[in-house]
Each structure stands twice: as structure tokens, then as C-alpha cells.
Amino acid sequence: MAGLSLRHIYKKYPGGVTAVSDFNLEIKDKEFLIFVGPSGCGKSTTLRMIAGLEEISEGELYIGDRYVNDVAPKDRDIAMVFQNYALYPHMTVFDNMAFGLKLRKVPKEEIKRRVEEAARILDISHLLERRPKALSGGQKQRVALGRAIVRNPKVFLLDEPLSNLDAKLRASMRTELTKLHNKVQTTFIYVTHDQVEAMTMATRIVVMRDGIIQQVDTPQNLYDSPCNLFVAGFIGTPQMNFINGKLLKKENDLFATFGETEIKLPADKANNPALKEYIGQEVIFGIRPEAIHDEPMYLQTLSETTMDVDVDVTELMGAEIYLYLKFAGMEDATNDKDIIARVSSRSQARAGDKIKVAIEASRIHIFDKDTEKCICH
């Protein structure tokens with residue numbers, strides 16, 4: 001088992017294209033680390049550099065204490081699971097899982113033991129004599145994982161392994177991967193553009209944008225304390241609402257103002273020294289959809305932070321409803337994008353209604369308009 005160390009890693013292509021810039025990261029042994037970000041952000045390129053499938057332009061890569069920049073992929077003691085599974089169609093499941101071990105001249109009895117053990121862990125023992133064309137997408141995924149498990153690698157690398165599965169199967173496979181990580185007790189490095197996968201499986205998440213690390217933290221800390229607008233908007237479904245406004249001071253109180261609305265900020269935020277230089281300045285307020293409420297209980301307890309809104313669209317999601325809202329002066333505050341509230345399915349709000357909503361002021365994030373960095377959570 002091993003941790004990894006990536007030190008000032010760059011990937012530069014001919015023509016001056018830099019896919020990954022100054023990538024520094026310490027990955028702990030047995031960690032489930034996930035790279036997440038939009039398409040083209042450099043996450044798969046970074047994974048392929050770890051695997052040895054892409055050459056590192058600058059920097060140093062260590063697996064355990066071993067410097068591996070110039071070590072061939074087959075000698076790095078890693079196993080990679082690809083998006084398309086890469087199974088041999090003419091081989092049985094057993095032979096697909098055993099193939100890498102046969103190349104390494106592992107004894108037949110040891111191969112049989114390892115394949116059967118991996119098949120038991122993945123619940124595919126009954127499929128060992130089938131060929132890939134007779135398997136479902138989820139079964140093929142398990143076989144690809146089994147082929148990696150039998151090698152007992154120091155590190156598992158998984159490149160968007162669930163993206164070809166339907167939504168229901170993807171949800172169940174997330175659970176299976178988490179169980180698998182707990183069983184095999186090996187370092188997992190996983191790439192996805194799906195932040196739901198990242199939030200549900202990772203011990204830590206690396207958020208990337210344009211080849212640069214934006215933030216590395218636990219899922220909960222990323223959600224509660226994003227370092228900038230990009231992370232705040234990327235993590236969370238539906239995404240955080242962003243509203244242009246100003247910070248105003250009245251006597252000893254601090255207010256978030258946008259459109260025709262003023263919301264009094266709680267004392268811990270008002271007394272935050274980082275906000276002093278922003279009083280009277282334009283900032284961006286971030287409000288999670290679940291921090292906006294239309295239930296009478298909240299309207300009563302949060303009476304100082306209510307606002308009048310028009311309901312534009314409602315989306316029933318089963319256990320909850322997404323309300324798309326407009327408020328007076330909204331065009332200047334949000335570039336005419338609706339504000340989304342995530343409320344209980346008991347809500348009576350319908351499209352075209354005028355309603356009051358209450359905002360949890362303690363959960364407002366405040367961002368610098370120019371640098372996009374978070375000033376205050």
C-alpha cells in the first residue's frame with residue numbers, strides 16, 4: 001500500500017498548451033481521493049501522468065518513497081480502470097481477470113485463488129465462464145474492477161468508470177465502490193465530472209479548473225466553506241445562487257442589500273474583520289437553495305430576513321420542490337437568472353404565485369467581486 005506525492009507537476013503540449021499547471025498534492029495511503037471538475041480541466045491528464053500513460057513535462061511524482069517519473073506503467077504497481085472497461089471480447093470473465101497475472105507468470109493455483117476471491121468480493125462468481133457480450137453494463141464494470149483487484153496494486157486509478165451506466169445503476173455502483181474501498185484497504189484515485197459521485201464517495205476531493213487546483217478538502221468542508229465562486233457553484237445540486245449586491249452599515253448592524261431587499265446579517269458575520277473594507281462596496285452574495293424557505297415556521301422565526309418573490313417555475317422532485325423565483329430589482333442583481341429555493345414537498349407555491357420567503361442569513365457566503373475569492377462564510 002502506498003501514498004503518493006505530486007510535486008510541482010506540469011503537463012505541456014506542443015504549441016504552448018499547458019493542460020496541468022504547478023500541481024502539488026500529497027495523497028495519503030488508503031485514501032479515496034477524487035479529482036472533479038468540468039471537461040478539459042486536466043483531471044484525466046493528471047491521472048494518466050500518475051499511471052505513466054502521459055509523460056510528465058516538469059515536476060516529480062513519488063509512489064510511496066519511490067521516484068517514478070521514468071518508470072514504465074507496468075512497473076509502477078498501479079491498476080487502472082477505464083471508462084470503456086477495455087475487456088477482451090473473445091475471453092471469458094475468468095480469463096479477462098486472470099490475463100494480467102498470466103503475463104506476470106503467476107502460478108496457476110495462485111491465479112485461480114485470486115480471481116475467485118475477487119469474484120466473491122464483487123459478487124460475480126456466477127459469471128466467470130461468460131463472455132463480455134453476455135454481460136450488462138454493471139457486470140462489465142465489476143469485471144474491470146476485478147481485473148484490477150487481482151493484481152493487489154498499491155494504487156487504484158479509476159477514470160470516469162460509471163459514466164456509461166444508467167442513473168439507477170450508477171447510484172448502486174457508487175455504494176459498491178465505497179464498500180470495495182473499505183474491503184481492499186488500498187489507495188483509490190478517481191476522476192469524475194459528476195460532483196454527486198465526488199460528494200458521496202471521497203474522503204477528500206480535489207476541485208480543478210483549467211489545469212489548476214482550486215481547493216482540496218473533505219466533501220463537507222468544500223460544501224460549507226468553498227474558497228471561491230467556482231468551487232461554490234460547482235459543488236452542490238442545485239448550484240448555489242449568486243446575487244450581486246452591496247454591504248451597508250447602519251449604526252452597529254451590517255446589511256446585505258440587493259434589488260429592493262435588505263437582509264440583516266447576524267452578529268458573527270457583521271463583526272468579521274475581513275468585511276470591514278467591503279462596507280459600501282459591491283460584492284457577490286452566495287445562498288444555497290436549501291437556505292431559502294417558504295414554510296410558515298421559518299417565515300415566523302426568520303421574520304427579519306424575509307423577502308417578497310414571484311414564483312416563475314416549480315419542479316416537483318418527489319421529496320422536495322425546486323422553486324424558481326424572481327424578486328424586485330432582480331435583473332441588476334442576478335443577470336436575470338432565477339433564484340432557486342429547495343423546499344419541502346408540502347409547499348403550496350405554484351407558478352405565478354406571489355409569496356414570501358425567508359433566508360437563513362447565517363448561511364450567506366460573501367465573495368469579492370473582482371478576485372471571486374470568498375471573504376466570509
Side-chain angles (χ1 to χ4, degrees), residues 195-196 223-224 226 229-250 253-266 269-270 275 278 280-369 372 374-377:
Q195 53 99 11
V196 174
Y223 191 81
D224 293 336
L229 271 181
F230 176 78
V231 176
F234 195 83
I235 300 293
T237 305
Q239 78 159 52
M240 185 183 284
N241 297 297
F242 296 120
I243 306 174
N244 299 320
K246 282 187 175 181
L247 280 175
L248 292 182
K249 190 162 190 177
K250 295 183 179 180
D253 296 323
L254 202 59
F255 290 82
T257 67
F258 46 87
E260 297 175 9
T261 302
E262 287 189 355
I263 291 178
K264 182 181 172 184
L265 296 176
K269 275 188 170 48
L275 290 181
Y278 290 92
Q281 304 292 319
E282 289 192 357
V283 293
I284 298 173
F285 299 108
I287 305 169
R288 294 270 182 211
E290 57 271 29
I292 304 173
H293 307 277
D294 70 339
E295 293 181 61
M297 175 183 73
Y298 286 103
L299 294 173
Q300 190 174 350
T301 56
L302 301 173
S303 57
E304 288 190 341
T305 59
T306 60
M307 58 188 288
D308 296 306
V309 294
D310 296 316
V311 181
D312 201 14
V313 177
T314 65
E315 288 182 345
L316 176 62
M317 307 300 289
E320 58 199 11
I321 296 175
Y322 296 167
L323 303 180
Y324 292 76
L325 310 171
K326 292 187 181 297
F327 58 85
M330 180 172 175
E331 293 76 13
D332 295 331
T334 66
N335 299 321
D336 211 20
K337 286 184 181 175
D338 286 350
I339 296 297
I340 304 175
R342 186 176 171 181
V343 300
S344 162
S345 58
R346 296 188 297 273
S347 173
Q348 299 299 307
R350 296 294 178 264
D353 289 354
K354 291 183 179 293
I355 64 171
K356 275 190 181 297
V357 294
I359 294 173
E360 290 184 64
S362 61
R363 296 177 67 184
I364 291 177
H365 303 259
I366 304 171
F367 301 90
D368 185 298
K369 197 166 186 177
E372 298 190 349
C374 190
I375 310 161
C376 175
H377 296 296

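What you see is a predicted model; the values in this text were computed from it and never measured.
In terms of modelled atom types and a separation under 3.5 Å, the side chain of K269 and the main chain of H377 share a donor-acceptor contact. Between the E320 side chain and the G318 main chain, no donor and acceptor come within less than 3.5 Å of each other. Formation of a donor-acceptor pair under 3.5 Å by the T305 side chain with backbone atoms of I359 is found in this model. Remark: the backbone N or O of I287 is paired with a side-chain donor or acceptor of N241 at under 3.5 angstrom. T257 contributes a side-chain N or O that, together with a main-chain N or O of K246, makes up a donor-acceptor pair within less than 3.5 Å. Of the possible polar contacts, one joining the T301 side chain to the M297 backbone as a donor-acceptor pair under 3.5 Å is found.
Counted within 6.0 Å of CD on E304, heavy atoms from surrounding residues, nucleotides or ligands total 12 or fewer; the atom is thus considered open. The environment of NZ in K337 is sparse: at most 12 heavy-atom neighbours from other residues, nucleotides or ligands sit within 6.0 Å.
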Checklist entry - What do the steps show when you test D368 against Y278 for side-chain contact (heavy atoms from CB on, under 4.5 Å), and what is the final call? => result CA-CA 8 Å; D368 185 298; Y278 290 92; 2.6 Å; yes

Item to check | side-chain contact (heavy atoms from CB on, under 4.5 Å) evaluation trace for M307 with V309 | outcome: CA-CA 6 Å; M307 58 188 288; V309 294; 4.1 Å; yes

Next on the checklist: salt bridge (charged side-chain N to carboxylate O under 4.0 Å, His left out) for D308 and K354? Distances and angles first, verdict last.
Outcome noted: CA-CA 7 Å; D308 296 306; K354 291 183 179 293; over 6 Å; no

Item to check | Working for side-chain contact (heavy atoms from CB on, under 4.5 Å), residues I375 and L275 | outcome: CA-CA 7 Å; I375 310 161; L275 290 181; 3.7 Å; yes

Checklist entry - What's the verdict on side-chain contact (heavy atoms from CB on, under 4.5 Å) for I366 and I284, showing C-alpha distance, side-chain angles and the deciding distance? => result CA-CA 6 Å; I366 304 171; I284 298 173; over 6 Å; no

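Here CZ of R342 is found 12.5 Å from CG of L323. Values are rounded to the nearest 0.5 Å. Note: K369 NZ to F242 CZ = 13.5 Å, rounded to the nearest 0.5 Å. Rounding to the nearest 0.5 Å gives a distance of 14.0 Å between OH of Y322 and OG of S347. Note that the CD atom of E360 and the CD1 atom of I292 stand 10.0 Å from one another [nearest 0.5 Å]. Between the CG atom in D353 and the CG atom in D294 there is a gap of 10.0 Å [rounded to 0.5 Å]. Here the CG-CD1 distance, from L302 to I263, works out to 10.0 Å after rounding to the nearest 0.5 Å.
In the model, Q195 has a side-chain atom that pairs as donor or acceptor with a side-chain atom of T237 under 3.5 Å.
In this structure, K250 is positioned above the aromatic face of F255, its NZ or CZ under 6.0 Å from the six-membered ring centre and within 45° of the axis.
The aromatic rings of F258 and F327 sit perpendicular to each other, their planes meeting at more than 60°, with 30° as the lower class boundary.
Using a 4.5 Å cut-off on side-chain heavy atoms (C-beta onward), S344 and E295 make contact. Between I339 and K326 the shortest side-chain heavy-atom distance does not fall below 4.5 Å. Proximity of D312 to L325: side-chain heavy atoms (C-beta onward) are nowhere separated by under 4.5 Å.
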